[in-house]
Amino acid sequence: MRGLFSTVVVLLVALMIVTTEAGKNKREKGKEAKGGATECAEWRYGSCVPNNGDCGVGVREGTCNDQMRKLKCKVPCNWKKEFGADCKYKFGSWGECDTATGSKNRSGTLKKALYDAECQPTIQVSKPCPAKTKTKAKGKKGRGKEN
């Protein structure tokens, strides 16, 4: 009985050693693959291309020499197509309504360009003027008695 118990213990220890070594080999292979991909210093990334429609989760492709890499990305659904989702601007306040065009304007200066995107240093955006609503004088509602 003792011989069987010691054999089982030895087999368990051997199994633990083998699985530990296998795990180390997988980690080292992963590091080599990542290390080979990061040797290149001049990665160039394209714009984020949504999987469905014109916004949402998508893929951005990067190239460096003969290597290619795909990164997951997300295009916000409220982005302005004119200047792209990778260009971040700081905007001033909206100007007065131009009655000739029926729109308001404001300008933005480039704050950050993600993934080396080509962005304009300043941009001009516009939106329609709000429709003027007439304010109605609300009468007081009586409670039960009329005088």
Side-chain angles (χ1 to χ4, degrees), residues 7-146:
T7 306
V8 169
V9 170
V10 168
L11 286 174
L12 284 175
V13 170
L15 182 64
M16 287 174 49
I17 291 171
V18 168
T19 56
T20 304
E21 288 299 316
K24 284 182 183 177
N25 288 341
K26 283 184 182 178
R27 279 187 237 128
E28 288 172 4
K29 284 180 184 176
K31 285 181 184 176
E32 289 171 7
K34 287 182 182 176
T38 57
E39 285 177 13
C40 187
E42 295 292 323
W43 282 95
R44 299 204 185 276
Y45 292 95
S47 59
C48 184
V49 179
N51 295 336
N52 295 324
D54 59 356
C55 65
V57 178
V59 177
R60 177 188 314 275
E61 290 186 353
T63 57
C64 184
N65 298 334
D66 59 346
Q67 299 176 20
M68 192 167 189
R69 177 190 291 178
K70 288 187 178 184
L71 298 175
K72 291 180 183 177
C73 60
K74 185 175 180 183
V75 176
C77 289
N78 63 348
W79 69 301
K80 307 295 183 216
K81 291 181 185 178
E82 301 89 46
F83 50 88
D86 293 334
C87 302
K88 304 298 179 189
Y89 292 92
K90 181 168 179 79
F91 287 95
S93 56
W94 288 103
E96 294 295 317
C97 184
D98 183 4
T99 54
T101 61
S103 63
K104 292 180 173 188
N105 294 324
R106 71 176 176 173
S107 61
T109 56
L110 184 63
K111 186 169 69 171
K112 184 190 281 186
L114 302 175
Y115 294 100
D116 297 326
E118 293 181 14
C119 302
Q120 299 173 20
T122 59
I123 57 168
Q124 195 79 8
V125 292
S126 62
K127 72 175 184 178
C129 295
K132 291 188 177 184
T133 57
K134 294 181 181 178
T135 56
K136 295 181 181 178
K138 293 184 179 179
K140 292 184 180 178
K141 293 183 180 178
R143 293 194 178 218
K145 291 184 182 178
E146 289 186 32

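A 6.0 Å sphere centred on OH of Tyr89 holds more than 12 heavy atoms belonging to other residues, nucleotides or ligands. The neighbour count for Gln124 CD, taken as heavy atoms of other residues, nucleotides or ligands under 6.0 Å away, is above 12.
The list of ring-ring contact (aromatic ring centres under 6.0 Å, His included) pairs with a residue in residues 50-70, not counting sequence neighbours, is empty.
Annotation: ring pair (Phe, Tyr, Trp, His ring centres under 6.0 Å) contacts of Phe91 (sequence neighbours excluded): none. Taking Asn51 as the reference, Val57, Val59 meet the side-chain contact (heavy atoms from CB on, under 4.5 Å) condition, with sequence neighbours excluded. For Lys112, the side-chain contact (heavy atoms from CB on, under 4.5 Å) partners two or more places apart in sequence, or in a different chain, are Lys88, Leu114. Qualifying side-chain contact (heavy atoms from CB on, under 4.5 Å) partners for Lys72, counting only residues two or more places apart in sequence or in other chains: none. Taking Cys73 as the reference, Cys48, Arg60 meet the side-chain contact (heavy atoms from CB on, under 4.5 Å) condition, with sequence neighbours excluded.
Atom SG of Cys64 is separated from atom CZ of Arg44 by 8.5 Å, given to the nearest 0.5 angstrom. Atoms NZ and SG, on Lys111 and Cys87 in that order, are 12.5 Å from each other to the nearest 0.5 Å. Atoms CD and CG, on Glu61 and Leu71 in that order, are 10.0 Å from each other to the nearest 0.5 Å. How far OG of Ser47 is from CD of Glu118: 11.0 Å, rounded to the nearest 0.5 Å. Annotation: the span from Met68 atom CE to Trp43 atom CH2 amounts to 9.5 Å, rounded to 0.5 Å. Interatomic distance, Arg69 CZ to Thr63 OG1, rounded to the nearest 0.5 Å: 10.5 Å.
Residues Pro50 and Val75 are in side-chain contact: their nearest non-hydrogen atoms beyond the backbone lie under 4.5 Å apart. Side-chain contact between Asp86 and Tyr45: absent, with no pair of heavy atoms (C-beta onward) separated by less than 4.5 Å.
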Arg106/Val125 under side-chain contact (heavy atoms from CB on, under 4.5 Å): CA gap, chis, key distance, verdict
CA-CA 6 Å; Arg106 71 176 176 173; Val125 292; 3.7 Å; yes

